[in-house]
There are 6 protein chains.
Amino acid sequence: MKGRLQFLVAKIILLALASSFVSCYDPSPLQDYCVAGVQDINGVFVNGRFCKDPKLVTSNDFFASGLNIPGNTSNRLGSFINPVDIPGLNTLGVSIARIDFAPGGQIPPHIHPRASEILLVIKGKLSVGFVSSNDYNYTLFSKILYPGDVFVFPIGLVQFHANVGKTNAVVIGAVGSQNPGLIAVGDAVFGSNPSIDPKILAKAFALDINTVKYLRTVFFPEDDIVNE
Amino acid sequence: MKGRLQFLVAKIILLALASSFVSCYDPSPLQDYCVAGVQDINGVFVNGRFCKDPKLVTSNDFFASGLNIPGNTSNRLGSFINPVDIPGLNTLGVSIARIDFAPGGQIPPHIHPRASEILLVIKGKLSVGFVSSNDYNYTLFSKILYPGDVFVFPIGLVQFHANVGKTNAVVIGAVGSQNPGLIAVGDAVFGSNPSIDPKILAKAFALDINTVKYLRTVFFPEDDIVNE
Amino acid sequence: MKGRLQFLVAKIILLALASSFVSCYDPSPLQDYCVAGVQDINGVFVNGRFCKDPKLVTSNDFFASGLNIPGNTSNRLGSFINPVDIPGLNTLGVSIARIDFAPGGQIPPHIHPRASEILLVIKGKLSVGFVSSNDYNYTLFSKILYPGDVFVFPIGLVQFHANVGKTNAVVIGAVGSQNPGLIAVGDAVFGSNPSIDPKILAKAFALDINTVKYLRTVFFPEDDIVNE
Amino acid sequence: MKGRLQFLVAKIILLALASSFVSCYDPSPLQDYCVAGVQDINGVFVNGRFCKDPKLVTSNDFFASGLNIPGNTSNRLGSFINPVDIPGLNTLGVSIARIDFAPGGQIPPHIHPRASEILLVIKGKLSVGFVSSNDYNYTLFSKILYPGDVFVFPIGLVQFHANVGKTNAVVIGAVGSQNPGLIAVGDAVFGSNPSIDPKILAKAFALDINTVKYLRTVFFPEDDIVNE
Amino acid sequence: MKGRLQFLVAKIILLALASSFVSCYDPSPLQDYCVAGVQDINGVFVNGRFCKDPKLVTSNDFFASGLNIPGNTSNRLGSFINPVDIPGLNTLGVSIARIDFAPGGQIPPHIHPRASEILLVIKGKLSVGFVSSNDYNYTLFSKILYPGDVFVFPIGLVQFHANVGKTNAVVIGAVGSQNPGLIAVGDAVFGSNPSIDPKILAKAFALDINTVKYLRTVFFPEDDIVNE
Amino acid sequence: MKGRLQFLVAKIILLALASSFVSCYDPSPLQDYCVAGVQDINGVFVNGRFCKDPKLVTSNDFFASGLNIPGNTSNRLGSFINPVDIPGLNTLGVSIARIDFAPGGQIPPHIHPRASEILLVIKGKLSVGFVSSNDYNYTLFSKILYPGDVFVFPIGLVQFHANVGKTNAVVIGAVGSQNPGLIAVGDAVFGSNPSIDPKILAKAFALDINTVKYLRTVFFPEDDIVNE
């Protein structure tokens, strides 16, 4: 329960990541800028985001601060993502985030469905990698990174970052979309709401049903609360 | 009715799915057609595929057969994918496949990084679903499907299909790309080549190291062979 | 008059095809999904479709049924198109339809301006083909298809499908857009509302004016009604 | 026979139109310019065009002349298209052409599958129009145009231009692609090579078989030669 | 010939160019047309433009006139741009404009950030050119143009047109977007509102501060007025 | 903190920025990755880059180092750009660079024609800004930035960054393309090769011809050398 709650810190941040990123990776901007405004008009949305009146746009719509401040990594995974929250990014196809890692901390296997990522190490020693798709036989491309090193993660592939040094680690991640999306594999498979049928998952992973149920408590502790 | 269900065959499997599809989901064709030709020129490739001389293109470049023949589902997952292999699909942004399921068979949690999918049930009873990303709290959208039913799976999200009926099942899957790609989650995470560091995976999934090593034997039995 | 009315069955369906398909073939989804909601806000539309509140999205938004039911082919052309009507397809760039053909039935020469198509024969024997553009000298690519056969029709080219067997025929057509559009050549040229100047058409096709007027009664019998 | 040959003048020009336009309407240029070079490398093509060495590019690669010279409209349709032939247009998504019309001349119903068009009248009086797709009930949008008038034709829809004045007419047509493509409806339906089965066309247009055969002699006089 | 050159008019100027063009160069139309309607709904905009009800669309939405009327070139630069203002261009990716030049008149160095341009000379003698980016060493591609000549300007590069003949000059410019945008380099650098810090500009151009202040009076005379 | 700021080096400069970035901002990758390989095949190029054999791809294709090493800012503008040079970025639509500024140093007014940029300040105090296009009246959006601050620069607009603090400054710039391109306004206008006609520039900027010739010596000193 504790672990789950602690991860919620990071999770809320991850959530903030996606919701702060705004809209496109394909459509180009059709004007100089289209600063994200209201989310909806009476419950009606658009592909991407509605934009505020360009006459009301100010410099602050293109600005954010605080990426120099370490995040709180006191959670199960020992990591913290601090994405920027800039409405002016809407339609511009790029964004940036700071990620902190405690020693041993990690961003677990995940996918960005709408952007490739480029990682720059500011501090620490990390083991990072991505796995190609079935077409390329699930080949792992990985590297140990030190300050000043850069690594690229292609769009839509499973990737991970782990602090394998003895100190905190800090990286800057840039993505080619203002809304790259984030799918942590464990959360999507074992922590969905509601759950995927445990029998289907047991067969998919050749695991006994109890291990699947245990994994559910890891990735969806709310269920745990309900059941106990 | 019987005739309509006399589908299918199979030369390939999961592995073949992606490699038979050919190339794009974004760039439109820049001419009437660009039939996939040689893979490379002296080891040099392009984004997508090189095309054959349009003067040599024939009707057969747009044709395939055999989707009426059942695939061999005698494997651990009890399923078989038979995608079409049509060079003329290159640049056209669509493809199709037949999938067979033995009773209890499934296509395990996977992602198509480059296309949305639409599924049509020809025969049988299936439980299918997809899980939204972190943005939408890993919500599961699922349904039990019967013949004539159709379900949609958005690009880049984790999805699964399982035969929950007592007979074989047959579905037709259409995708909005000639090269949708396929990432079976278990294969990418536990079966990559080489392996992701088991300690990183153990922490990611809160599993003990032995379970991670067991999962490796499930998704990468070659290792097992080599080691014993 | 009868013929025209009968074709209206198919026509309404064709119309349904386009209106049930929703919006894009180029812009990628800028979020997990953007389920088509209201058509307009006080008469104001967008390129593509407005979307419903993602918090109100359910599994049924990605579901349709009934593609196992034969369509009524009792019309002049002896065919019936049953496209799926799934709001969740909006922005996803793919769709599917079932087409039924009576013996001798056909889908006459037409163009999908916003998607390529892939056809899978479920039952029957069909003659299908497409014609390249002026660039490639209006070359016809055609084939006789049997169950399990697949044929590809590139975006924007004139294509046709005709049942040349002795039984009903059934095909599944998949397209790389949720809104491929449909332009039946005869309807666009001879059945527009209002009519293209018959003298212009007479010269274009080297036909006498009476034949052009006859063709108008075929493709726009409403005129006929008015005149007689 | 004469008519056909005469139309070949325009036809060869139309052909030149498409082949002089080069490649894209979707992919943006990925560098400053990508001047079209060789068509193929040993029979191998790409989506769009190969480009010449940027170090060998000169101002002439972006230049053409002669659009001030009237075209020869002595052909069945009384029109002549003179598109520019500029290799530097490759990847740039725009092109231009001059069209001449004799009195009564026309560009018959046709489609540009890969670009919208905008027409500017330099001289004369023209009747122009386009027909919406089935979605919008084949509505005709048309207008009589005079010098200085401009009209827009959306991508993929059937359009026509006819000189309805008593003098020659001259227009400039701009398109949003360097390779818009051209499908003259009559040529694609009745003049393909080889022919679409006349019985299929007879049913499609509710014409007797002899009229279909006559239309073939109009749009494909080569057949005529062979047969007689 | 005379008639062909009787072009043009003019209501707007450089400033009007962009605002009359409407919206996209990447997203394709997701329906037949999406005629630009209201700019905003209660101050809320979209990427591109909202569209009017398709049922209310008429031929006039695709029409404009007046490009045969000469523009008033009595201004510092001796030129006048008359772009078309056609709501139906929205989403169609193309537009057109007439430009008039007095003897010695010019369109100064500028960039279209969202479209390539193709120029056709109707009358006069012009010196035109564009400069490649840093990648290609700021190479100038230029040409002297006469009536009937055409020159291409790639998207996003600095270009200019100058009348170097002794008479007025008239050109037609077509662009691959309905909203190409316009950045006159002098205006953006020296005439922004408010001003870029003159010290920064002085260093950027190695100019003394007084010359920078003089340039400001050229490109932003309003300041001048306020100050004196 | 110190460690985190021990960035960077530099092999290249402004000139190298674009050539190290590789290729796209619109076409999505049509496979997992398309690692940039040879530039040309016998002098023949493609839009973007040719790719190396995927079987020969290694982790190092996605890796670069050295962004922790300060660049040499001993030049007229007092700044240094160190972009990453990673062949694996090809088709992935993102890149990153380190920029160093001496006190008073600047990146002068410039445009990235193929990507938006997001800037993160690692060290120092900077004045940054961009100017909207003619459509938005050349409005300046600017801000003073401190460590941890982020600012966004929309694609294709004129932007600048200047160190207004008393120490060196370091920023990380991320762009939504692997080949954003770089057009320094002064270089393109006054330093092109060959020169734009000084008389045209004199009129464009309302400068006397001698000031234009002086500016040429600033931006194209080679000419100076030749002349003296």
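Given the structure is predicted, the values throughout are model-derived calculations rather than measurements.
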| remark: Smallest heavy-atom separation, C/D149 atom then B/G66 atom, equals OD1-N, 4.4 Å
| remark: d(C/I96 CD1, B/L120 CG) to nearest 0.5 Å is 5.0 Å
| query | Which residue out of B/G156, B/S142, B/G129, B/G88 racks up the most heavy-atom pairs below 4.5 Å with chain C? | reply | B/S142
| request: Identify which part of C/L145 has an atom lying under 4.5 Å from any heavy atom of chain B, answering side chain, backbone, both or neither. | output: side chain
| said: Quick check on the structure: residues of residues 54-62 of chain C within a heavy-atom distance below 4.5 Å of chain B, by number. | reply: C/P54, C/V57, C/T58, C/S59, C/N60, C/F62
| task | Could you tell me the separation between the CZ atom of B/F153 and the OH atom of C/Y33, rounded to the nearest 0.5 Å? | result | 14.5 Å
| field | For B/V152, the option from C/N90, C/V35, C/L92 that meets side-chain contact (heavy atoms from CB on, under 4.5 Å) | value | C/L92
| Can you find a pair of side-chain heavy atoms, one from B/V175 and one from C/V94, that are under 4.5 Å apart? | no
| Selection from C/T139, C/I118, C/L119 maximising heavy-atom pairs under 4.5 Å formed with chain B | C/I118
| task | Please identify each residue that fulfils side-chain hydrogen bond (donor to acceptor under 3.5 Å, both in side chains) with C/D32, with sequence neighbours left out. | result | A/R114, B/S133
| pair B/V150-C/S65: side-chain heavy atoms closer than 4.5 Å | no
| query | Atom OG in C/S132, atom CD in B/Q31: separation rounded to 0.5 Å? | reply | 12.0 Å
| task | Under 4.5 Å heavy-atom distance to chain B, tell me which part of C/F130 shows up: side chain, backbone, both or neither. | result | side chain
